[in-house]
Amino acid sequence: MQQNGVYDLLRLLEMSLEESFPIIPGRYVLAKPKEIEALIDKICNNLPLEIQEARAFLLRRDEMQMEAQQKAEKIVADAQAEADRKLSEADFLKALEREGNRIRTQVQEECEELKRKALEEADEIRLKATSDAMKTREGAEIYAEQVLTNLEHDLTQLQQIVKNGQVYMEKMRSEAIGAYDAPSSFEMKNRTSDFKIK
C-alpha cells in the first residue's frame with residue numbers, strides 16, 4: 001500500500017472533520033475518534049520521510065566521492081601502465097617518470113577539486129533538505145495541534161450538553177415520582193370527610 005505524504009494525510013484529516021455528522025449546524029459535529037486517531041498516527045509515521053531523503057543525499061555524496069577516487073586511481077594506473085609499456089629506453093625513463101608524476105599530481109588535483117565540489121553540493125542539498133523537512137514538520141505539528149485543540153473544544157462542549165441533558169432528565173424523573181407519590185385532591189377530600197363523620 002502506497003504511503004500518503006504528510007500533506008495528503010492532513011487533507012484527509014480535514015475532510016474527515018468536514019464530513020462529520022452535524023449535531024448543531026455550524027457549531028457542533030459528531031466526529032469519528034478512531035478514524036481521526038488513525039490519521040494522526042499516519043501523519044506522525046510519515047514525518048521522518050524528509051530526513052530519509054536527506055540521508056539518501058548524503059549516501060549519494062559518499063558514492064560520488066568513491067567514484068571520483070576510483071576514477072582518479074584508474075587514470076593514474078592507466079597512465080603509469082601506458083608509460084611503462086611504451087617507454088623502454090633508459091634515456092627516456094626519468095623524463096617519463098617526471099611526466100607520470102606531473103600527470104598524477106594533475107589528476108589528484110582535479111580529483112580533489114571534484115571531491116570538493118561534490119562535498120559542497122552535497123552539503124547544500126543536505127542543508128536544504130533538512131530545512132525543508134523542519135519547515136514541513138513545524139507546519140504539520142502546528143496544524144495538528146490546532147486540529148486537536150478544536151477537537152478538544154468540541155468534545156468539551158458535547159460533554160457539557162450530555163451532562164445538561166442528564167441533569168434535565170433526572171429533574172423530570174424526580175418531578176414525575178413526586179407527582180405520583182403525592183395524594184390527589186379527591187383523596188384529600190375523602191380523607192377530610194371521613195374524619196368529620198367519625
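Positions are given from 1, in the same order as the sequence printed here. This structure is a prediction, so every number in the text was calculated from the model and none was measured.
Residues Arg126 and Asp123 are paired through a salt bridge, judged by an N-O separation under 4.0 Å between the basic side chain and the carboxylate. A salt bridge is absent between Glu120 and Lys117: the closest approach of a Lys/Arg side-chain nitrogen to an acidic carboxylate oxygen does not fall below 4.0 angstrom. A salt bridge is defined here as a Lys NZ or Arg NE, NH1 or NH2 lying under 4.0 Å from an Asp or Glu carboxylate O, and Arg116 with Glu112 fails to meet this definition.
By the criterion of side-chain heavy atoms lying less than 4.5 angstrom apart, applied directly or through intervening Ile, Leu, Val, Met, Phe, Trp or Tyr residues, Val76 is not grouped with Leu114; the two fall into different hydrophobic clusters.
When side chains are defined from C-beta on, Asn101 counts as touching Arg104, because their heavy atoms get closer than 4.5 Å. Between His153 and Gln157, the closest side-chain pair of non-hydrogen atoms falls below 4.5 Å. Contact of the Val167 side chain with the Lys171 side chain is not registered, since no non-hydrogen atoms from C-beta on lie closer than 4.5 Å. Two residues are said to be in side-chain contact when any heavy atoms from C-beta on lie closer than 4.5 Å; Leu119 and Lys115 meet this criterion. In this structure the side chain of Leu58 reaches within 4.5 angstrom of the side chain of Arg61, judged on heavy atoms.
The backbone N or O of Leu127 lies less than 3.5 Å from no partner atom in the side chain of Ser131, so there is not a single donor-acceptor pair.
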Identify all side-chain donor-acceptor contacts of residues 63-71 below 3.5 Å with residues at least two apart in sequence or on another chain.
| from | atom 1 | to | atom 2 | distance (Å) |
| --- | --- | --- | --- | --- |
| Glu63 | OE1 | Arg60 | NH1 | 3.3 |
| Gln69 | NE2 | Glu73 | OE2 | 3.2 |

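Distance check, rounded to the nearest 0.5 Å: CG of Leu158 to NZ of Lys163 gives 12.5 Å. If you take CZ on Phe57 and CG on Asp62, they are separated by 14.0 Å, rounding to the nearest 0.5 Å. The distance from the CG atom of Leu155 to the CG atom of Leu148 is 10.5 Å, given to the nearest 0.5 Å.
Defined by atom type and a distance below 3.5 Å, a donor-acceptor pair is missing between the side-chain atoms of Asn150 and Gln146.
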